[in-house]
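For reference, the structure discussed in these notes is given below.
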Amino acid sequence: MRIGRTVAGRQARAAWMFLAPGLALLTLFTAWPLLRTAYLSFTEYSLLTPPEWVGLANYRELIADDQVMNALQNTVIYAVVVTPVTIALALALAMALNAKFFGRGIVRTAVFVPFVVSLAVVSIAFRFLLDPNYGLVTHWLDGVGLAPTQGALAQPGTAMAAVMAVGVWKNVGFYMVMFLAGLQSIPRDLYEAAQLDGASRLQKLSTVTMPLLSNQTMLVSILAAIASFQVFDQIKVMTNGGPAMSTETLVVMVNRVGINNLEFGYGSAVSVLLLLLILLLSMAQYFYFGRKQVRY
Amino acid sequence: MRTTSPALRRAWTVALTVAMLAIGLAMIFPIVWSILTAFKPNAEAASASPTLLPQTWTLENFAEIWSAIPFAQLYGNTIIFAGSVMVLSLAFDTMAGYALARFDFRGKTAAFIAIIVMLMIPYQAVIIPLYDLVHSLGLGQTVAGMIVPRTANAFGVFFMRQFFLALPKNLEEAARIDGANEWRIFTRVMLPLTTPALLTLGLFHFQFNWNDLLWPLVMSNSIDGATLPAGLALFAGQHVVEYGLLMAGSVLALIPLILFFLLIQRTFVTGIATTGIK
């Protein structure tokens with residue numbers, strides 16, 4: 001008994017030695033700033049003077065602020081379009097790239113490469129490709145009579161479509177790899193059994209593939225939705241929120257209000273809004289998929 | 001049982017191959033275009049009738065970018081930032097993930113839940129106090145200030161925990177009976193088994209920090225202290241027409257990432273598959 005306790009004690013001490021540095025760093029640089037964001041959202045603060053408590057003033061302002069509503073709306077529109085499109089494409093690509101054909105390895109790499117490269121850096125390329133005067137894509141569109149006269153990024157509707165397309169392009173490869181890893185872990189004999197039972201291609205998809213991919217689908221959905229709500233890089237570089245704020249999302253607004261204008265209190269209130277959105281969404285998805293989860 | 005004729009199956013394979021090669025080309029088109037544009041003289045890059053291939057090939061953009069912006073400085077900053085974060089975060093994430101996967105101790109569940117919650121917090125939502133904190137630590141406008149908040153990562157801890165969970169229990173028991181201490185078991189027995197996971201997570205860390213725009217942009221108010229994405233974005237904002245130059249800078253900025261990925265590509269899917277991030 002005493003020996004058991006000392007062994008357990010030694011194990012616990014060792015465990016905490018391993019855990020402590022990481023946990024301490026995360027607490028200091030993630031958990032503490034989170035509490036601080038919550039606190040600052042109730043203050044007026046510009047870094048130069050100490051925060052001044054203003055109660056709910058920032059939140060009252062936030063509810064009445066057209067810019068917040070605009071950023072919120074843009075964020076939701078972006079997420080509602082980009083998330084499902086990215087997941088569907090990633091799944092389709094994973095299935096196609098799981099089949100055998102010539103050049104499969106090269107195509108897998110090509111699809112994944114956009115995830116590896118810097119979005120800020122390639123966004124400069126996208127801005128140039130869509131330039132009204134020198135852009136190659138504009139030039140080609142012109143050739144088939146689809147000329148966007150002032151360039152795609154100068155018009156509200158097309159600017160949003162362009163940053164969305166870049167968002168899908170960037171992440172689809174990463175989720176494709178996740179689905180691919182899932183597809184490769186499905187036992188072959190399940191398909192053979194389904195085949196013997198006379199299942200069609202579509203039936204195999206709905207009774208074998210999809211249920212056994214539910215873990216990946218959950219993870220990919222949560223990650224893709226969170227990533228959509230956090231969209232920043234391509235917007236900052238391609239449009240900087242414009243034209244006429246038509247592509248300004250919540251993170252772009254936090255950056256503008258909080259960092260550029262030094263309105264830390266108000267910026268924090270916008271951050272809290274973003275955080276609540278993401279937490280609600282992750283929970284909703286977790287519970288939705290939690291019910292349908294298949295373990296194997 | 002349904003059977004498909006060989007001719008039909010062949011036609012399907014050909015169609016699939018053609019379609020997938022087209023998709024692959026479309027995916028890397030912006031990168032290929034960037035590379036080709038980097039070899040165009042500036043007048044041609046900004047031509048009103050653009051072409052994909054350069055009419056005249058030149059290396060002047062690659063030579064000029066070093067003096068147009070403090071490119072060597074930016075490159076150095078980015079290597080130090082992404083490299084140090086990768087090494088430090090791998091160390092701390094691995095240790096924490098190991099503790100959560102292989103030991104039983106009081107507070108383990110609470111610690112794990114804390115990690116999961118922190119995993120969901122977008123860093124954009126805490127960036128204001130983080131900026132404030134780094135400044136009050138006296139690290140404002142320094143590369144060290146950029147690095148320190150990134151030296152542990154909740155996703156990394158979770159990722160490594162998943163991997164360590166999958167390893168058989170008798171490995172460490174054998175070592176323990178042989179009298180090895182916990183640190184030795186961790187570094188000599190368990191860690192060598194994690195190579196695919198370490199390489200995969202290393203790529204994630206390196207890639208995320210190498211590419212990050214918002215944090216370096218917030219942490220550096222001058223171009224000298226910035227990283228490559230931030231520096232190029234600042235430059236692009238001020239010099240709208242020098243695209244050949246910008247593309248040369250972009251291509252040089254992409255090279256280390258692509259090399260890193262190509263190097264570990266083989267272990268990459270294994271890394272994801274065996275951590276149970278599947």
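Predicted, not measured: the structure shown is a model, and the values here were computed from it. By convention in this document, chain letters (A, B, ...) are assigned in the order of the sequence lines, proteins followed by strands, and residues within each chain are numbered from 1.
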So which part of B:Asn181 gets closer than 4.5 Å to some heavy atom of chain A, the side chain, the backbone, both or neither? neither
Heavy-atom proximity to chain A below 4.5 Å, by part of B:Thr37: side chain
Counting heavy-atom pairs under 4.5 angstrom with chain A, the leader among B:Ala253, B:Ala154, B:Gly249 is B:Ala154
Given heavy-atom pairs under 4.5 angstrom as the criterion, report whether the side chain, backbone, both or neither of A:Val220 touches chain B. neither
Given the options B:Gln124, B:Met247, B:Glu182, which has more heavy-atom pairs under 4.5 Å with chain A than any of the others? B:Gln124
Identify which of B:Phe105, B:Phe206, B:Trp210, B:Tyr131 forms the greatest number of heavy-atom pairs closer than 4.5 Å to chain A. B:Phe105
So which of B:Leu52, B:Leu232, B:Leu213 has the largest heavy-atom pair count under 4.5 angstrom toward chain A? B:Leu213
Measure distances from A:Phe264 to the heavy atoms of chain B and classify the residue's part below 4.5 Å as side chain, backbone, both or neither. both
Can you confirm if the NZ or CZ of B:Arg102 lies within 45° of the ring axis of B:Phe186 and under 6.0 Å from the centre of its six-membered ring? no
If you tally heavy-atom pairs under 4.5 Å between each of A:Ser123, A:Ser271, A:Gly103 and chain B, the highest tally belongs to A:Ser271
Heavy atoms only, distances under 4.5 angstrom: which of A:Arg36, A:Gln230, A:Lys236 has the most pairs with chain B? Name it, please. A:Gln230
Need one label for A:Val111: side chain, backbone, both or neither, based on atoms under 4.5 Å from any heavy atom in chain B. both
Student check: side-chain heavy atoms of A:Val272 and A:Leu276 closer than 4.5 Å: yes
Looking only at heavy atoms and a cut-off of under 4.5 Å, which of B:Leu130, B:Leu214, B:Leu217 has the most pairs with chain A? B:Leu214
Heavy-atom distance under 4.5 Å to chain B: side chain of A:Ala24, backbone, both or neither? neither
Taking side chain as C-beta onward, heavy atoms only, is A:Ser282 less than 4.5 Å from A:Ile226? yes
For A:Leu279, which atoms come within 4.5 Å of any heavy atom of chain B: side chain, backbone, both, or neither? side chain
Portion of A:Leu26 that has a non-hydrogen atom of chain B nearer than 4.5 angstrom: both
Sequence-distant partners of B:Leu262, side-chain contact (heavy atoms from CB on, under 4.5 Å), two or more places apart: A:Thr109, B:Ile258, B:Gln265
Side-chain heavy atoms of B:Met160 within contact of B:Leu100, under 4.5 Å: no
Got more than 12 heavy atoms from elsewhere within 6.0 Å of CD1, B:Ile255? yes
Which atoms of B:Ile121 are under 4.5 Å from chain A, going by heavy atoms: the side chain, the backbone, both sets, or neither? both
If I take atom CG from residue A:Leu35 and atom CH2 from residue A:Trp32, how far apart are they, to the nearest 0.5 angstrom? 9.0 Å
Atom group of B:Arg161 that falls short of 4.5 Å from chain A, counting heavy atoms: neither
Is B:Phe260 in contact with chain A via its backbone, its side chain, both, or neither, using a 4.5 Å heavy-atom distance? neither
Residue-level interface, residues 12-21 of chain B with chain A, non-hydrogen cut-off under 4.5 Å: B:Thr13, B:Leu16, B:Thr17, B:Met20, B:Leu21
Is it the backbone or the side chain of A:Phe126 that comes under 4.5 Å from a heavy atom of chain B, or both, or neither? side chain
At a heavy-atom separation under 4.5 Å, does A:Val117 approach chain B through its side chain, its backbone, both, or neither? both
Who among B:Ala45, B:Ala114, B:Ala26, B:Pro30 has the most heavy-atom pairs with chain A under 4.5 Å? B:Pro30
Are A:Val172 and B:Met27 packed together at the side-chain level, in the sense that at least one heavy-atom pair is separated by less than 4.5 angstrom? yes
Ring pair (Phe, Tyr, Trp, His ring centres under 6.0 Å) for A:Phe29 and B:Trp215? Distances and angles first, verdict last. CA-CA 13 Å; A:Phe29 294 112; B:Trp215 178 238; 9.0 Å; no
Top contributor to chain B contacts, counting heavy-atom pairs under 4.5 Å, from A:Leu34, A:Val121, A:Leu136, A:Leu23: A:Leu136
With chain B as the partner, which of A:Phe179, A:Phe229, A:Phe174 has the greatest number of non-hydrogen pairs under 4.5 Å? A:Phe174
Does any donor atom in the side chain of B:Asp132 or A:Tyr45 lie under 3.5 Å from an acceptor atom in the other side chain? yes
Cut-off 4.5 Å, heavy atoms of chain B, and the answer for A:Val116 is both
Closest approach of A:Ala94 and A:Leu180, non-hydrogen atoms and distance? O-CD1, 3.5 Å
Honestly, the part of A:Asp233 sitting under 4.5 Å from a heavy atom of chain B is both
Is B:Phe204 in contact with chain A via its backbone, its side chain, both, or neither, using a 4.5 Å heavy-atom distance? side chain
Using 4.0 Å as the upper bound for N to carboxylate O, is an ion pair formed by B:Arg150 and B:Asp212? yes
What part of B:Ser34 lies closer than 4.5 angstrom to a heavy atom of chain A: side chain, backbone, both or neither? side chain
